[in-house]
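A, B, ... follow the sequence lines: proteins, then strands. Residue 1 opens every chain. Keep in mind it's a predicted model, so treat the numbers as computed, not measured.
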Number of protein chains: 2
Amino acid sequence: MNDTFQALSSSVRRKILAYLSKTDLTAGEISERFEMSKPALSKHLSILMNAGLIQGEKKGQYVHYSLVKENLFANMNDFLVNFCPQGRPLKLESAEIKKNKKTD
Amino acid sequence: MNDTFQALSSSVRRKILAYLSKTDLTAGEISERFEMSKPALSKHLSILMNAGLIQGEKKGQYVHYSLVKENLFANMNDFLVNFCPQGRPLKLESAEIKKNKKTD
DNA sequence: TAAGTATTTAACTAATAGGTTAATTATATC
DNA sequence: GATATAATTAACCTATTAGTTAAATACTTA
């Protein structure tokens, strides 16, 4: 869980996850979307890999990255369950949440 | 959202939240639960405060801290909604999640 | 095989995070 | 008012993080 939250503490990495939630991308395609060197991006990708939030598959000279959604949800659930008194998995009322929404 | 995930990236701070999910505590009571100096704990508390995840109320010479659960859920929801294709709030099947559970 | 492209690794640097002890602030009590 | 307690702030140190450029690795193609 530590690795997960550590990985999620960077907005760059959260954006990578958001991109991958739409479609798989190669390392190069990901790096095009950021104003940052490829090695820097590569490090972010390896942090997400180590946290089990993404996976990479080498195809020829490319590495295709994809989201591992189950791990994302599993870790979030493990965490959030602490705050549900009944110990049940999440059941949120969207209205109550929207009320407190802050734009980022 | 950055502040929230930054705050959650520390296991000490996640433990503080877990304690506060059970009951309100003073700064001193919180620091007793960790092997760390009071100033160090105080800094963790201020990070959680800045993220809006806890609030402190001064009563006499004590400061009583409590969880602000709504902000926790709101931020998590804002984040997780990205990964729900329909854009709906979370609806997870606990069985599928348990399968991938990793102990921390 | 040589040259080009995709990606990662290595070596380095600057900024940030997380801890320490000492000092300060605010309240309580004698 | 003096002293004790709770909590935070200040000053400092070390380790980690996040970026850089240069080099290495792996694959493709002429």
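The stretch residues 15-27 of chain B does not touch DNA chain C, since none of its heavy atoms comes less than 4.0 Å from the strand. Residues of residues 35-45 of chain A having a heavy atom closer than 4.0 Å to DNA chain C, listed by number: A/Lys38, A/Pro39, A/Ser42.
Both B/His64 and A/Ser9 lie near DNA chain D, and the one whose nearest nucleotide falls closer to the 5' end is B/His64. Residue order along DNA chain D, read from the 5' end via each residue's closest nucleotide, puts A/Ser10 first among A/Ser10 and A/Lys59.
The shortest distance between side-chain heavy atoms of A/Leu67 and B/Phe83 falls below 4.5 Å. The shortest distance between side-chain heavy atoms of B/Leu72 and B/Leu53 falls below 4.5 Å. Residues B/Met1 and B/Asp78 meet the side-chain proximity criterion, which asks for heavy atoms closer than 4.5 Å.
Of all non-hydrogen atoms in B/Ser46 and B/Lys43, the two that sit nearest each other are OG-O, 2.9 Å. Residues B/Ser9 and A/Asn2 share a closest heavy-atom pair of O-OD1, 3.9 Å. Of all heavy-atom pairs spanning B/Lys38 and B/Gly28, the tightest one is NZ-CA, 4.5 Å. Scanning both residues, A/Met36 and A/His44, for their nearest heavy atoms gives SD-CD2, 3.9 Å.
Read 5' to 3', the first and last nucleotides of DNA chain D with an atom closer than 4.0 Å to a heavy atom of chain B are D/dT5 to D/dT9.
Rounded to an integer number of Å, the gap from A/Leu48 CG to C/dT8 C1' is 16 Å. Following rounding to the nearest Å, A/Glu57 (CD) and C/dA6 (C1') show an atom-to-atom distance of 16 Å. Following rounding to the nearest Å, B/Gln6 (CD) and C/dT16 (C1') show an atom-to-atom distance of 9 Å.
For the 3.5 Å distance criterion, the side chains of B/Arg14 and A/Asn82 fail to qualify, holding no donor opposite an acceptor.
Among the heavy atoms of the strands, none lies under 4.0 Å from A/Phe34.
Separation of the B/Phe79 and B/Phe5 ring centroids falls under the 6.0 Å cut-off.
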Checklist entry - Going through the checks in order, is the side chain to side chain contact (heavy atoms under 4.5 Å, CB included) test met by A/Leu80 and B/Met76? => result CA-CA 9 Å; A/Leu80 288 172; B/Met76 287 291 148; 3.7 Å; yes
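Hydrophobic clustering (ILVMFWY, side-chain heavy atoms < 4.5 Å, transitive): A/Ile47 and A/Phe34 are in distinct clusters.
Between C/dT8 and A/Tyr65, a contact under 4.0 Å exists linking OP1 or OP2 to a side-chain N or O.
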